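Take a look at the structure set out below.
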Amino acid sequence: MSELQHFPPSFTWGVATSAFQIEGGATADGKGPSIWDTFTHTPGKIIDGGTGDVACDHYHRYAEDVALMASLHVDAYRFSIAWSRVQPQGKGAWNEAGFAFYDRLLGELEARNIEAHVTLYHWDLPQGLQDEGGWLNRDTAKHFAVYAAEVARRFGNRVKTIATHNEPWCSANLGYGNAQFAPGVADLKQSIQVSHHLLLSHGLAMQAMRAVGSSARLGIVLNQWTADPATDSQADRDLAAFEYSRSVEWFMDPIFKGRYPELALKAHGANAPVVHDNDFKDIQQPIDFLGCNYYFRAFCSAETPPRQPQPPLGFTDMGWEIYPQGLTELLLKLNAAYELPPILITENGMANADQLVGGRVPDAKRIEYVEHHLAALKKAMDAGVKVEGYFLWSLLDNFEWNSGYAKRFGIVHVDYETQVRTPKDSALWYRDFIDAQRAR
Ligand code: FCB
């Protein structure tokens, strides 16, 4: 694959990270603990025993990291704010020293002419709120709206976009459905109720931020996939339809249509969420952009053991199928089903078993992955889907949740002993690709 895709000149090229995965500074300057601090310090939860205590030490090395971004010629940086850094308990007092960190980070980005794209919630709920029931407690949605408005008030005119949530599917299904993520609960009914409170919190936060008024475009980031039946059997087709309904439509329909999708709602039966009278009115707020994170499709097999896909491009180091055409299919499908605002691809990238050899990281596989996904993205755009930017996940190797530091997603290699950053071949490729786009 080598043919250069020509994107519109206004297209935004970025990189993405999240607070818990890179910042470290877990207790610095008054930061309160989050559910991920608690989870990572609970033995047995993280594959390699990793924590977020130091991570990439970005809390202290942010200036170096912004310089690194500038050296890669990116237009934009997507990062998240650690709620418990700026409001240690998740309600009540603000922590000025925490806000000061993000103020310094924004200052560096401004100095380098890099757009800031902020996510308010990338899974790190303040532990203080977890102690009061976390996302199972409806009040958490109200606290979230207060936090959102405060960020919009302070930073709304300095950032391009503010996303309420990153991948609420994960917060609900991995945090409360199968216990892989913090807070580590495995209870289907709870996970579905949590998904409703996350959606409600999105809607309340949108309204609270709108009331503040700022130049930032406001939206949400969802992880999405197409769901393909493994075979033509009725069982596989039913499974695929349910998977798409419970995962993609479950979050899209309330926001765009003010209701849950019938198929999943029926299937959830007694596990369906408790919904109050005005909830859908609150949730169905117009959004200025939709962030779409795409990594793989769902390959749905009802057989035991389930059939596996046989992808020509293979699997990533996470074991995720590499399926670029799923991105085209997904975007076309969404575009046909909803009145979409402009889309940002807020995450796409791969874990690779990278090796640092003689000062270089030859990650040809990652370059191939990105090239194929950009081609798939371009195809959807040519077919009429309005996409305005692409953010590679991730700038840095970082803490990959329950996989700890064992999986490397960065286009920049991080030596966790020394904190030395080394751009991988993919980073240099991305820089040259961005230059080539601009040179046209
Ligand atoms: C997404 C998350 C991000 C990162 C990538 C690999 O689900 O948003 O933090 O872990 O997967």
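Treat the numbers as computed from the prediction; the structure is a model and nothing was measured. Note that the numbering runs from 1 along the sequence shown for the chain. We count ligands from 1, going down the list as the structure has it; atoms in each ligand are counted the same way.
- Here CD1 of Ile411 is found 5.5 Å from CG of Leu72. Values are rounded to the nearest 0.5 Å.
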Using a cut-off of under 3.5 Å, which N/O atoms of ligand 1 pair up with protein N/O atoms, and what distance separates each pair?
| from | atom 1 | to | atom 2 | distance (Å) |
| --- | --- | --- | --- | --- |
| ligand 1 | 7 (O) | Glu167 | OE1 | 2.5 |
| ligand 1 | 7 (O) | Glu167 | OE2 | 3.0 |
| ligand 1 | 8 (O) | His122 | NE2 | 3.3 |
| ligand 1 | 8 (O) | Asn166 | ND2 | 2.9 |
| ligand 1 | 8 (O) | Glu167 | OE1 | 3.4 |
| ligand 1 | 8 (O) | Glu167 | OE2 | 3.4 |
| ligand 1 | 8 (O) | Glu347 | OE1 | 3.1 |
| ligand 1 | 8 (O) | Glu347 | OE2 | 3.0 |
| ligand 1 | 9 (O) | Gln21 | OE1 | 2.8 |
| ligand 1 | 9 (O) | His122 | NE2 | 2.8 |
| ligand 1 | 9 (O) | Trp401 | NE1 | 3.1 |
| ligand 1 | 10 (O) | Gln21 | NE2 | 3.4 |
| ligand 1 | 10 (O) | Glu400 | OE1 | 2.7 |
| ligand 1 | 10 (O) | Glu400 | OE2 | 3.2 |
| ligand 1 | 10 (O) | Trp401 | NE1 | 2.9 |

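- With Asn178 contributing its side chain and Gln180 its backbone, the two residues share a donor-acceptor pair below 3.5 Å.
- A ring-centre distance under 6.0 Å is found for Trp250 and His268.
- Under a 3.5 Å cut-off, the side chain of Thr119 and the backbone N or O of Tyr121 do not form any donor-acceptor pair.
- Exactly one of Tyr77, Tyr102, Phe101 qualifies for a ring pair (Phe, Tyr, Trp, His ring centres under 6.0 Å) with Tyr62. That residue is Phe101.
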Under 3.5 Å, sequence neighbours excluded: what are the donor-acceptor pairs made by side chains of residues 221-229?
| from | atom 1 | to | atom 2 | distance (Å) |
| --- | --- | --- | --- | --- |
| Trp225 | NE1 | Glu243 | OE2 | 2.8 |
| Asp228 | OD2 | Arg297 | NH1 | 2.8 |

